[in-house]
Amino acid sequence: MVISLFNGWYFFWLALSAGGIVGLYYALRKKTARTQKIVLFSLLAFGFILHFLKLLFPPYSTNESLKLSESWFVNICGANIGLFPFLFLCKNKHVRNYMFYMGIISGFLSIMYPVEPIEKAHPTEETLDIIRFYYHHWSLLAVPLLMALLRLHTVSYKGILCAPIGLLIVMLFIILNQVLQSEIGFISPRNGDMFDINYKNSSFIWEPKLDNPIGKLLALFCPDFFKTIPVGQYAGQEKYWPWFWMICPIFVLITPLAFLVSMIFDAKNFGKDMKNLPKNITAKWQSLFRKKAISVDEDTTKNTNE
């Protein structure tokens, strides 16, 4: 099975992914909310289990170092696969907003541009892993989308900031994963060289790879302050601050994407709020001036009485 852009297999997986979502929607739309939740949770739970089952087949089963390193949640989609079953059980709307926006964004982009299958050196020998890849990223897309379509989650454009904020928190989770991996011995340390950006840096958390189009795009939005060592013997040298350098790029790029996703479900409320915006601003200013006038009158009365 050879996967590349715009060949038969590529469109097969696109069609299967879309068909799976449509089929599940029609199968679940008249079921009880409890049944819907059980089915969606089961999809996520299976993805969590599959993350560890993949160690039983190539390329992980034939490469001990790869097996040890990939048994953890070491990139954004991997972290989401590990966290989503637990986040799904949480009723907090901010957590659900993160699931909705980042699940759809990361799952959709991964299916549209499946880097891992495309870059496989021996795709025909790793068919199971290609299937695993598509299931994992399909579930990240399908479950949050179905949550909204089945009205298990109410989408609001006002919650789009949960996407960049949640993503930054998840990146801290990935860093913790990598530090623990290194300290426990699952992976070798970063060779004592924090300047090496080619080691365990698939999500660009440590530093952008400027020869990569995505890394180069992210770097454009990073302030110079987060590109320079401020103190110590290396002060003044160029060095991206791990994690911190991603703050501005994530807010600048992820927030508009989340907003576009929100418009699929909440365009009506957004249009209504924009239409009423001048009226609401005027009302708030009038309320503010009214409060100030009342305060002045109270002070005047107080001084007069004294």
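Here the structure is a predicted model, which means the values were calculated and not measured.
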Pro85 to Ala45 - nearest heavy-atom pair and separation: CG-N, 4.3 Å
Interatomic spacing from CZ in Phe41 to CG in Leu89 - rounded to 0.5 Å: 4.5 Å
Please examine the side chains of Leu109 and Tyr113, heavy atoms only from C-beta on, and report whether any two atoms are closer than 4.5 Å. no
Please confirm whether the backbone N or O of Val252 pairs with a side-chain atom of Thr255, one donor and one acceptor, at under 3.5 Å? no
Does any pair with a residue in residues 165-178 pass salt bridge (charged side-chain N to carboxylate O under 4.0 Å, His left out), and if so which ones, sequence neighbours excluded? none
Members sharing Tyr60's hydrophobic cluster, built from side-chain contacts under 4.5 Å between Ile, Leu, Val, Met, Phe, Trp and Tyr, are Leu55, Leu66
With sequence neighbours left out, the residues meeting ring-ring contact (aromatic ring centres under 6.0 Å, His included) with Phe225 are Trp241
Short question: side chain of Ser106, backbone of Cys77 - any donor-acceptor pair under 3.5 Å? no
side-chain contact (heavy atoms from CB on, under 4.5 Å) assessment of Trp206 paired with Ile175: CA-CA 9 Å; Trp206 301 103; Ile175 289 176; 4.3 Å; yes
Inspect the surroundings of CZ in Phe244 and state if more than 12 heavy atoms from other residues, nucleotides or ligands are less than 6.0 Å away. no
Could you walk me through whether Ile205 and Tyr240 pass the side-chain contact (heavy atoms from CB on, under 4.5 Å) check? CA-CA 10 Å; Ile205 293 175; Tyr240 286 79; over 6 Å; no
Leu128 reachable from Phe133 in the ILVMFWY side-chain graph, under 4.5 Å edges: no
One should read off an interatomic distance between Met99 CE and Leu87 CG, to the nearest 0.5 angstrom, of 6.0 Å
Aromatic contact, Phe48 with Phe52 (centres under 6.0 Å): yes
So do Leu141 and Ser17 actually touch side chain to side chain, heavy atoms under 4.5 Å? no
Just by distance, do the side chain of Gln237 and the backbone of Ile229 share a donor-acceptor pair under 3.5 Å? no
Residue set satisfying ring-ring contact (aromatic ring centres under 6.0 Å, His included) with Phe108, at least two apart, ordered chain then number -> none
Point-to-point distance, once rounded to the nearest 0.5 Å, from CG of Leu140 to CG of Leu43: 11.5 Å
I'd like to check Trp243 versus Ile247 (side-chain heavy atoms, cut-off strictly below 4.5 Å). Are they in contact? yes
Check whether any side-chain heavy atom of Asn212 lies under 4.5 Å from a side-chain heavy atom of Phe204, and answer yes or no. yes
Give me each pair satisfying side-chain hydrogen bond (donor to acceptor under 3.5 Å, both in side chains) with a member in residues 80-93, each pair once, sequence neighbours excluded. Asn80-Tyr98
Output side-chain donor-acceptor pairs under 3.5 Å for residues 29-39, partner residues at least two apart or in another chain, one line each.
residue, atom, partner, partner atom, Å
Thr32, OG1, Thr35, N, 3.2
Thr32, OG1, Thr35, OG1, 3.0
Gln36, NE2, Leu28, O, 2.7
Gln36, NE2, Lys31, O, 3.3

Quick check on the 6.0 Å ring-centre criterion: do Phe259 and Phe270 meet it? yes
Nearest heavy-atom contact between Val74 and Gln178 is O-NE2, 3.7 Å
Hey, quick one: are Tyr134 and Phe57 part of the same hydrophobic cluster, counting side-chain heavy atoms closer than 4.5 Å, chains of contacts allowed? no
Do Arg96 and Phe88 meet the cation-pi criteria used here (NZ or CZ under 6.0 Å from the six-membered ring centre, within 45° of the axis)? yes
Go through the steps to decide whether Met112 and Tyr10 satisfy the test side-chain contact (heavy atoms from CB on, under 4.5 Å), and finish with yes or no. CA-CA 9 Å; Met112 294 302 295; Tyr10 174 80; 3.9 Å; yes
Mind checking whether Trp245 and Ile250 have side chains closer than 4.5 Å, heavy atoms only? no
Could you give the side-chain donor-acceptor pairs of residues 146-172 under 3.5 Å, partners two or more places apart or in another chain?
residue, atom, partner, partner atom, Å
His153, NE2, Asn97, OD1, 3.0
Ser156, OG, Lys158, N, 3.2
Tyr157, OH, Asp273, OD2, 2.5

Taken to the nearest 0.5 Å, the spacing of Trp72 CH2 from Leu180 CG works out to 5.0 Å
Please say whether more than 12 non-hydrogen atoms of neighbouring residues, nucleotides or ligands are located less than 6.0 Å from CD1 in Ile214. no
Side-chain heavy-atom pair Ser262, Phe100 within 4.5 angstrom cut-off: no
Looking only at heavy atoms, what is the nearest atom pair of Ile21 and Ala142, with distance? CG1-CB, 3.7 Å
Any side-chain heavy atom of Leu145 sitting closer than 4.5 Å to one from Phe265? yes
Looking at side-chain heavy atoms only, is the closest gap between Lys227 and Cys222 below 4.5 Å? yes
Arg132: what forms a salt bridge (Lys or Arg N to Asp or Glu O under 4.0 Å) with it, not counting sequence neighbours? Glu116, Asp129
To the nearest 0.5 Å, atom CD1 of Ile104 lies from atom CE of Met102 at 11.0 Å
Each residue besides Leu260 in its hydrophobic cluster should be listed here, by chain and number; the cluster joins Ile, Leu, Val, Met, Phe, Trp and Tyr at side-chain heavy-atom distances under 4.5 Å. none
Is it the case that more than 12 heavy atoms not belonging to Phe11 sit under 6.0 Å from its CZ atom? yes
Residue pairs fulfilling salt bridge (charged side-chain N to carboxylate O under 4.0 Å, His left out) with at least one residue in residues 163-175, sequence neighbours excluded: none
I need the Ser61 OG to Lys54 NZ distance, nearest 0.5 Å. 12.5 Å
Does Thr62 use its side chain to pair, donor to acceptor, with the backbone of Pro59 at less than 3.5 Å? yes
Minimal non-hydrogen separation, Pro58 against Glu125, with atom names: CB-O, 4.0 Å
Residues which pass ring-ring contact (aromatic ring centres under 6.0 Å, His included) with Tyr135, listed by chain and number, not counting sequence neighbours: Phe46, Trp138
Which pair of heavy atoms, one from Ser139 and one from Leu44, lies closest together, and at what distance? O-CD2, 4.2 Å
side-chain hydrogen bond (donor to acceptor under 3.5 Å, both in side chains) filter on Asn276, not counting sequence neighbours, yields none
Count the heavy atoms of every other residue, nucleotide or ligand shown that sit under 6.0 Å from CZ of Phe173, and state whether that count exceeds 12. yes
With side-chain contact (heavy atoms from CB on, under 4.5 Å) as the test, would you mind laying out the steps for Thr127 and Ile131 before giving the verdict? CA-CA 6 Å; Thr127 300; Ile131 295 173; 4.1 Å; yes
